[in-house]
A.B. asks: 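Dumping the structure here so I can ask a few things about it.
These numbers come from a predicted model, not from an experiment.
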Amino acid sequence: MSSFILRRLLHAMPLLLAVVVLNFLLIAFTPGDPITLLVGDFPAPPEYLDQMRREFGLDQPVWVQLLRYLAKVAQGDFGYSFANQQPVAALILERLGATLELTLTALAFASVMGIVLGVVAARSATRPGRGLVDSAIQGASSAGYAIPDFWLGQLLILVFAIWLGWLPSQGNNPVRGTLPGFDGFVQHLSYLVLPAFALSLRYLTLITRITRAAMLEVMNADFILASRSRGASEWTVVVVHALRNAAAPVLTVIGYNVGFVLAGSALIEAVFAWPGIGRLLYESISKRDYPVMLAILLMVSVTVVIANLVTDIVHRLIDPRIERA
């Protein structure tokens, strides 16, 4: 297992290098000047603009800027934020906790509910006269997958925050401070409900459909019939035997979507004013804050590589028949 992990990490190095280079070149050749945007509407002489470009290294050719950036990234230095006037690493660390809270909550909710609904749908489809539940779950999952998450977020704000007034719509804590003790914990959770649900719905529906399809493949297998003939309970047949053998594709979908959840949180954080990395990416794009954009894109790429590696390791633990390639 250790040699497998080492080989996967070595294979990921050229991929991450290619991602860094491509992201840098795409952003470098994007029209616009971050120095002009940084100065704003205030009139500035050309000499001052040239001085700012020299200070941030933007007066050098693109290939020189790229080599300097690669050297800094190799040392763990992700540059300096134009717009926020602070190191990029410190700026990302300030927002990382809020994003992890949102994305992990959304992914956990989508995984648990998706597996439960997928198992219920598959069990309903294999039993005569109970296909209505399966049809309802499939219809709801198709509709949920088709709804854009940013539009769903605005709809949730309109219904639950404005019309009903049940939940807050902006930020992750009240401006006047949280309540002490358990009341403060509940108050903080109320801010998490709407953005987490809006972010999780697309992945919930996807996991539901994958779980249903995987369960249908094993529900009529010989070992399931043998387990039922031995008098095993329905819980043992469905959860212990069927779900365990259908877990591989479900875990693949969950693991491979970790990076997409992290990247997809940008719009949700912008809609709900959630102070995380996704909102920081949205703000850095509008301000042409190139170092912040590059650092966040690199972080998402590293997250995808790690999530894929963990998924492969879990596959080996679940199914020892997988060859060690």
Side-chain angles (χ1 to χ4, degrees), residues 5-6 8-40 48-104 258-266 269-270 274-310:
I5 296 175
L6 181 60
R8 290 296 302 271
L9 292 177
L10 291 177
H11 292 165
M13 293 302 176
L15 175 62
L16 292 177
L17 178 61
V19 168
V20 173
V21 173
L22 289 177
N23 287 337
F24 185 91
L25 294 178
L26 287 174
I27 293 176
F29 289 108
T30 301
D33 187 0
I35 298 300
T36 304
L37 192 66
L38 181 62
V39 173
Y48 178 75
L49 297 178
D50 294 338
Q51 179 184 352
M52 293 290 292
R53 292 189 182 94
R54 286 194 300 270
E55 182 178 347
F56 288 103
L58 299 177
D59 60 327
Q60 300 294 326
V62 174
W63 67 271
V64 175
Q65 297 181 37
L66 174 60
L67 293 179
R68 288 182 176 178
Y69 180 74
L70 292 177
K72 289 183 179 180
V73 169
Q75 300 173 4
D77 183 5
F78 297 100
Y80 195 80
S81 172
F82 301 151
N84 297 277
Q85 296 295 304
Q86 67 179 112
V88 174
L91 184 62
I92 290 180
L93 287 177
E94 291 178 1
R95 307 287 191 99
L96 183 60
T99 293
L100 289 178
E101 179 184 16
L102 175 61
T103 54
L104 292 180
V258 170
F260 293 104
V261 173
L262 182 61
S265 65
E269 291 185 2
W274 189 267
I277 292 177
R279 185 182 176 190
L280 178 63
L281 176 61
Y282 178 83
E283 295 172 351
S284 64
I285 292 174
S286 61
K287 297 177 181 177
R288 301 186 186 277
D289 200 351
Y290 296 160
V292 177
M293 296 166 57
L294 289 171
I296 294 177
L297 293 174
L298 177 59
M299 185 187 67
V300 172
S301 302
V302 172
T303 303
V304 171
V305 171
I306 295 176
N308 292 347
L309 178 60
V310 172

A.B. asks: Hey, what do you get for OG1 (Thr99) to CD (Glu269), rounding to the nearest 0.5 Å?
C.D. replies: 4.0 Å
A.B. asks: For Ala98, does its backbone N or O pair with a side-chain atom of Trp274 as donor and acceptor, under 3.5 Å?
C.D. replies: yes
A.B. asks: Please list every donor-acceptor pair under 3.5 Å in which a side-chain atom of residues 294-305 meets a protein atom from a residue at least two apart or in another chain.
C.D. replies:
unit_1	atom_1	unit_2	atom_2	d
Ser301	OG	Leu297	O	3.0
Thr303	OG1	Met299	O	2.8

A.B. asks: Can you confirm whether Asp289 sits close enough to Pro291 that some side-chain heavy atom of one is under 4.5 Å from a side-chain heavy atom of the other?
C.D. replies: yes
A.B. asks: Nearest 0.5 Å, please: how far is CD1 in Ile92 from CG in Leu96?
C.D. replies: 8.5 Å
A.B. asks: Only pairs under 3.5 Å count here: list side-chain donor-acceptor contacts from residues 17-25, not counting sequence neighbours, and write none if there are none.
C.D. replies:
unit_1	atom_1	unit_2	atom_2	d
Asn23	ND2	Val19	O	3.1

A.B. asks: Is a side-chain N or O of Ser81 found less than 3.5 angstrom from the main chain of Val292, in a donor-acceptor match?
C.D. replies: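 No, the answer is negative, given that no donor and acceptor are paired below the 3.5 Å cut-off.
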A.B. asks: If you measure from CG on Leu67 to NZ on Lys72, what distance do you get to the nearest 0.5 Å?
C.D. replies: 12.5 Å
A.B. asks: When you measure from the side chain of Asn84 to the backbone N and O of Gln86, does any donor-acceptor pair fall under 3.5 Å?
C.D. replies: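 No, because the side chain of Asn84 does not come within donor-acceptor range (under 3.5 Å) of the backbone of Gln86.
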A.B. asks: Give, for atom CG of Leu26 and atom OH of Tyr290, the distance between the pair rounded to the nearest 0.5 Å.
C.D. replies: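 Atom-to-atom, Leu26:CG and Tyr290:OH are 11.5 Å apart.
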A.B. asks: Roughly how far apart are Gln65 CD and Leu70 CG, rounded to 0.5 Å?
C.D. replies: 12.0 Å
A.B. asks: Give me the atom names and distance for the closest heavy-atom approach of Ser265 to Gly278.
C.D. replies: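 The pair with the smallest heavy-atom distance is OG-CA, 4.1 Å.
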A.B. asks: Inspect the contact between Glu283 and Arg95 and indicate whether a charged nitrogen and a carboxylate oxygen are less than 4.0 angstrom apart.
C.D. replies: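 Salt bridge: yes.
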A.B. asks: Check the surroundings of atom OH in Tyr80: do more than 12 heavy atoms from other residues, nucleotides or ligands lie under 6.0 Å from it?
C.D. replies: yes
